Amino acid sequence: MTISIRLRLFLILALATGAIWLSAVLWIETSTRAEVERVLDARLAEAATMVSSLISDHRVEVAHAAGGAIHVPMPAAGGYTRQLSCQIWSLDDDALVGRSDGAPQARLTAADGAGYSESDVEGEPWRVFTVVNPDLGVRVMVGDSIAVRDRLVRDVIEGLLLPAAIILPLLGGLIWISLARGLAPLDQLAATLRARAPSDLSPLPQGPAPREIRPVRRALDTLFARVAAARDTERDFTTYAAHELKTPLAGMRTQAQVLRMAPDAETRAAALRAIETSVDRTDRLVRQLLELAEIDRETPEQTATDLAALIGETMAELASLARAREVTLESDIAPLPATFRTSPFLLHAALRNLIENAVIASPRNGRVSVTARHAEGALHIDIADDGPGIPEDQRTRMTERFVRGPSGSGSGLGLSIVASAVARLNGTLDFGARDAEGRHQISVCLPG
């Protein structure tokens, strides 16, 4: 299931906040427990030392307390009963000679030495500090219940958790509201896009936008511009194609009418030749239109290709056209890699249209030369002819669709097909070269 960005950010922030709060509680619990232990241990030591001093100063007479209790005031915090308990034991007969109010009857600790110790008294754990007074022959024990200490720490933690239970939901609400405010530009952008008509490919309205939204707006404007350009290209393509198809079809209709009404055989023969010419022109135009559409759709998957065989097959396809126009086709193919990796369809489309254009542009008894070589990690194919070439001021537009050369013949698609195919093959196309005889030459260079 896909969740929204807002919910995802909210969950991340809420979980992060909860984790930080829990970590703080655990850290405070640990530090508080250590601090409570230190403070209460110091108080045990001070209380035991105080009682021992009172006995030494005879402010508490142990002898009078035999069989009774020494009422030594022990500090207590409000709400915590029996926080400190005191016992005084005789060193001679190990008898209890005195204790504070509320102190247990059982011995606080079994340890005989002075200092801190822990013990279990009446099923309850205690922390005890012992002072030995050998001059008076007594052992003073002061202790407190560990359960009371745990209660102190627990009360501190509960004091933190209670505000957290109130603050965290409020904090979650503030996070949600803040995310809604922060993501408002995205909502506004989405609303703007939803309100646009499908045919509206103009740039988005200008206005202040957060820095994070600007790349999205620029990408959308670029996409709109590309879609608009593609739409215009397709519209122009359809218009030009319809116009180019209409011309030979109208010519064929006219020649068919001439053929029907022809008074003699010579007129009928001329009409038939004109019809054949129109059919050839229409056939070439349809083939090029299909070829151009296929090139735009073709994924250039590179496979091992026999270049010499591919060039030979392409020239063989155009041999009949060359004979009909009395043009000589010749080739000079240097040793080429046996398995050059390229797209056979794209390379064949480029070569066929280049050679076909060269044959059509050449005068009768002209020559079209195809040269191929592999050097410096690239394939170089040069097509030279005896035609007039392409003027330098027209070369930049010759690869546009339906732009004809100086002769004005053809459909204006051949070089557009070549440029598209070569670009898909990551190659380059050069119109400005000349061969060794000074003839016009078009060069194709493909990496590999």
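Predicted, not measured: the structure shown is a model, and the values here were computed from it.
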- Donor-acceptor contact present, side-chain Arg439 to main-chain Gly387, <3.5 Å: no
- Note on the structure: Scanning both residues in full, the closest heavy-atom pair of Ala48 with Phe129 reads CB-CD2, 3.6 Å
- Item | Minimum heavy-atom distance between Leu336 and His374, given as atom pair plus value | CD2-N, 3.7 Å
- Message: Tell me if the CZ atom of Arg196 is crowded by more than 12 foreign heavy atoms within 6.0 Å.
- Response: yes
- Rounded to the nearest 0.5 Å, the CD1 atom of Ile383 sits from the CG atom of Asn357 at a distance of 10.0 Å
- Does some side-chain heavy atom of Leu152 sit less than 4.5 Å from a side-chain heavy atom of Leu40? yes
- Item | Separation of Trp126 CH2 from Leu44 CG (nearest 0.5 Å) | 10.0 Å
- Message: Using 0.5 Å steps for rounding, measure from the CG atom of Leu174 to the CG atom of Leu179.
- Response: 11.0 Å
- Message: Is there a side-chain contact between Leu347 and Leu307 in this structure, where contact means two heavy atoms from C-beta onward sitting under 4.5 Å apart?
- Response: yes
- Between Asp332 and Arg373, is there a salt bridge with N-O shorter than 4.0 Å? no
- Message: Quick one, Leu189 and Leu204 - any side-chain contact, counting heavy atoms below 4.5 Å?
- Response: yes
- Query: Roughly how far, to the nearest 0.5 Å, is the OG atom of Ser23 from the CD1 atom of Ile28?
  - Reply: 11.0 Å
- Message: Could you check whether any side-chain heavy atom of Glu313 comes within less than 4.5 Å of a side-chain heavy atom of His348, counting everything from C-beta outward?
- Response: no
- Item | Minimum heavy-atom distance Gly427-Leu446, with the two atoms named | CA-CD2, 3.8 Å
- Message: Testing the basics here: between Val422 and Ala350, what is the closest heavy-atom pair and its distance to 0.1 Å?
- Response: CG2-CB, 4.3 Å
- Message: Please report the interatomic distance CG(Leu9) to CH2(Trp176), rounded to the nearest 0.5 Å.
- Response: 10.0 Å
- Roughly how far apart are Ile381 CD1 and Ile442 CD1, rounded to 0.5 Å? 12.5 Å
- Quick one: closest heavy-atom pair of Val359 and Ala322, and the distance? CG1-CA, 3.9 Å
- For Ile360, does its backbone N or O pair with a side-chain atom of Arg325 as donor and acceptor, under 3.5 Å? yes
- Task: May I ask you to test the Asp150-Arg33 pair for a side-chain heavy-atom distance under 4.5 Å?
- Result: yes
- Query: For the side chain of Ser331 and the backbone of Leu329, is there at least one donor-acceptor N/O pair under 3.5 Å apart?
  - Reply: no
- Measure from the side-chain N and O atoms of Arg352 to the backbone N and O of Glu317, and report whether any donor-acceptor pair falls under 3.5 Å. no
- Message: Could you tell me if the side chain of Val128 sits less than 4.5 Å from the side chain of Thr130, heavy atoms only?
- Response: yes
- Query: Arg149 versus Val153: any side-chain heavy-atom pair under 4.5 Å?
  - Reply: no
- Task: Please examine the side chains of Thr371 and His380, heavy atoms only from C-beta on, and report whether any two atoms are closer than 4.5 Å.
- Result: no
- Message: What I want to find out is whether Arg43 reaches Glu46 closely enough, with some N-O distance under 4.0 Å, to be called a salt bridge.
- Response: no
- Specify the closest pair of heavy atoms between Asp41 and Tyr116, including all atoms of both residues, with the distance to one decimal. O-OH, 2.7 Å
- Message: For the backbone of Leu108 and the side chain of Ser119, can you confirm whether one donor and one acceptor N or O come within less than 3.5 Å of each other?
- Response: yes
